[in-house]
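Read the structure below first, then the notes.
Note that the structure is predicted; figures quoted are calculated from it, not measured. As the structure lists them, so they are numbered: ligands from 1, and atoms in each ligand from 1. Side chains are part of it too, since the values below use all heavy atoms of this structure and drop only hydrogens, waters and symmetry mates. Numbers here are sequence positions counted from 1.
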Amino acid sequence: MANKITAIRGMNDIFADSAEAFDYLVKTSENVLHQYGYHSIRLPLVEKTELFARSIGEVTDIVEKEMYTFADRNGDSLTLRPEGTAGCVRAVIQNGLTHNQVQKLYYTGPMFRYERPQKGRYRQFHQFGVEVFGLPEGQIDAELIILSARLWEQLGLENLELQINTLGSNEARMAYRQILVDYFSEHKEQLDEDSLRRLDSNPLRILDSKNPDMKELIEQAPKLIDHLDADCLQHFEEVKAHLDDCGIEYVVNPNLVRGLDYYNRTVFEWVTTELGAQGTVCAGGRYDGLVEQIGGKATPAVGFAMGIERLVALLMDKNLVPPQRQADIFLVLLGEKVTRPGMVLAESLREAFPQANVQMNIGGGSFKSQFKKADKSGAAYAIVLGDQEVEQQVAAVKPLREEGEQKTVAWDELVDYMQPLLNA
Ligand code: ATP
Ligand code: MG
């Protein structure tokens with residue numbers, strides 16, 4: 001036998017119950033987004049490397065060490081998208097979608113990051129992302145948070161904690177950056193290797209460190225919120241007021257800075273303690289500078305991305321995925337001459353009842369084994385076709401879930417006969 005070829009580490013097949021949960025999550029998310037008037041956008045999986053370097057930031061984990069970058073046959077440097085925002089921003093600029101109009105968009109699909117695979121962290125993973133262009137008001141930041149809360153409610157997910165923070169304006173952040181550098185420089189001996197490196201390049205990211213040895217040092221650090229401009233504080237108050245009005249609970253986490261460079265003002269994360277270390281299931285914020293940074297006209301923007309695998313794991317752990325739709329009708333086909341008329345009958349039922357799930361035995365088998373299959377399919381009715389029925393152009397309809405007579409029905413009356421039964 002030839003060697004088995006296996007999948008790439010960290011790039012998983014998603015099948016059976018996980019695939020059901022995945023589809024259910026995406027459909028439910030789309031429904032909520034439609035309820036708020038958002039539209040779908042479909043984007044390429046591959047972009048020029050420069051797009052990510054310029055938008056995500058040169059000194060971020062993603063750009064420094066997580067991107068799948070390769071030269072195509074022309075020698076151009078391309079990258080498998082590690083996240084969706086950069087490509088979405090490129091698309092709205094390139095297609096002129098932000099000229100005098102607001103865009104409220106959502107997308108879903110795979111993202112790629114070269115990380116160490118573990119529970120909740122993969123190399124190909126999936127996000128459901130939402131982006132809004134053209135609205136500076138805190139109202140829309142709040143709407144994004146509120147609609148995600150509505151989604152958790154519809155999914156039956158409880159115990160997700162909302163953490164929010166504001167990063168202020170770029171100017172205020174630059175001033176704070178210096179204050180932070182001064183503070184950490186005074187305590188250089190307590191910094192780990194990553195943080196030492198970030199001290200010059202991206203000191204705010206030190207606040208994001210998950211190293212327990214640095215926890216206290218970080219807690220004592222000067223807080224960005226104490227160094228913000230009045231406008232940004234006012235904006236943050238507006239966001240919080242909307243959340244309060246709509247009964248959304250939150251925790252202000254002053255150390256929430258997010259891993260990507262492009263954020264300003266509102267940032268937020270939905271976190272669970274029930275998935276181990278990989279607890280953030282949804283994260284986002286405002287990025288007013290990014291459209292201009294990538295070559296568009298300055299446009300306010302805000303968005304978030306959900307981690308589908310982590311949410312799927314939660315839904316499955318908590319048994320929150322509704323069972324797959326079961327069959328309504330199962331055709332039992334017994335005999336030499338039954339397959340062709342059986343197929344035609346099944347099609348006429350599917351034509352007449354577009355909402356119904358009509359399954360059919362394929363591959364022969366005894367009466368008993370076919371009824372076993374019918375029972376397993378969950379069908380409320382079996383329609384039995386034997387050579388004798390074919391001869392007489394009739395079929396036997398047998399209720400499977402409740403007591404009731406088996407009835408012999410002519411083919412051309414079958415749809416009318418089934419109509420009230422299916423609607424019951
Ligand atoms: P983390 O701190 O967990 O690395 P991040 O800040 O890098 O997350 P984002 O870039 O904000 O993540 O992506 C949004 C969401 O996508 C995350 O909150 C998470 O749910 C999910 N996500 C990110 N990276 C992965 C991954 N490698 N595997 C699975 N899900 C991921
Ligand atoms: Mg990450």
Side-chain angles (χ1 to χ4, degrees), residues 7-14 18 21-22 25-26 29 52 55-57 59-68 79-89 106-131 144-145 148 151-152 155 157 160-165 167 194 198 202 204-211 253 255-263 266-287 290 301-317:
I8 310 297
R9 198 163 107 84
M11 303 198 179
N12 299 319
D13 305 311
I14 301 168
S18 312
F22 191 118
L25 173 61
V26 170
S29 307
F52 301 115
S55 56
I56 296 170
V59 241
T60 54
D61 284 351
I62 293 180
V63 173
E64 276 182 337
K65 54 189 188 203
E66 294 177 358
M67 293 204 303
Y68 279 90
T79 294
L80 299 183
R81 64 180 186 190
E83 52 102 56
T85 303
C88 190
V89 169
Y106 70 84
Y107 50 81
T108 182
M111 308 293 162
F112 303 85
R113 297 185 193 177
Y114 194 80
E115 302 201 65
R116 191 171 65 78
Q118 55 198 287
K119 182 169 186 252
R121 194 173 291 287
Y122 310 101
R123 290 182 173 171
Q124 172 171 330
F125 64 100
H126 298 76
Q127 287 184 339
F128 191 104
V130 181
E131 319 282 355
L144 288 177
I145 293 171
S148 50
L151 175 61
W152 313 144
L155 293 168
L157 287 174
L160 291 182
E161 181 182 85
L162 172 62
Q163 300 187 0
I164 59 174
N165 191 24
L167 301 181
D194 265 352
R198 287 179 175 142
N202 195 351
L204 262 74
R205 285 281 277 135
I206 300 177
L207 299 176
D208 212 21
S209 164
K210 310 233 154 68
N211 182 348
N253 173 0
N255 291 330
L256 183 68
V257 296
R258 309 283 305 111
L260 292 73
D261 270 1
Y262 50 59
Y263 288 110
T266 318
V267 288
F268 65 92
E269 287 193 3
W270 287 95
V271 187
T272 171
T273 50
E274 294 168 328
L275 285 176
Q278 268 52 255
T280 303
V281 296
C282 174
R286 185 163 274 284
Y287 51 95
L290 185 59
V302 54
F304 70 79
M306 300 186 269
I308 293 185
E309 280 79 359
R310 293 182 193 179
L311 285 165
V312 161
L314 266 187
L315 290 173
M316 292 183 52
D317 284 355

Next on the checklist: Against ligand 1, does E309 come closer than 4.0 Å with any heavy atom?
Outcome noted: no
Item to check | Salt-bridge criterion met for D61 and R205 (N-O under 4.0 Å) | outcome: yes
Next on the checklist: Between F128 and L311, is there a side-chain heavy-atom distance shorter than 4.5 Å?
Outcome noted: no
Item to check | Passing candidate, side-chain contact (heavy atoms from CB on, under 4.5 Å) with F112, options R123, E66, M11 | outcome: M11
Checklist entry - Quick one: which of R121, R113, E83 has a heavy atom closest to atom 12 (O) of ligand 1? => result R113
Checklist entry - Is the OH atom of Y114 crowded by more than 12 outside heavy atoms at less than 6.0 Å? => result no
Item to check | Mode of Q127 contact toward ligand 1 - side chain, backbone, both, neither (heavy atoms, under 4.0 Å) | outcome: side chain
Checklist entry - Do N165 side-chain atoms and L256 backbone N/O form a donor-acceptor pair below 3.5 Å? => result yes
Checklist entry - Looking only at heavy atoms, is any part of E115 under 4.0 Å from ligand 1, and if so is it the side chain, the backbone, or both, or is it neither? => result side chain
Checklist outcome for this item: Filtering G120, G279, G307, G129 for the heavy atom nearest atom 29 (C) of ligand 1 leaves G120
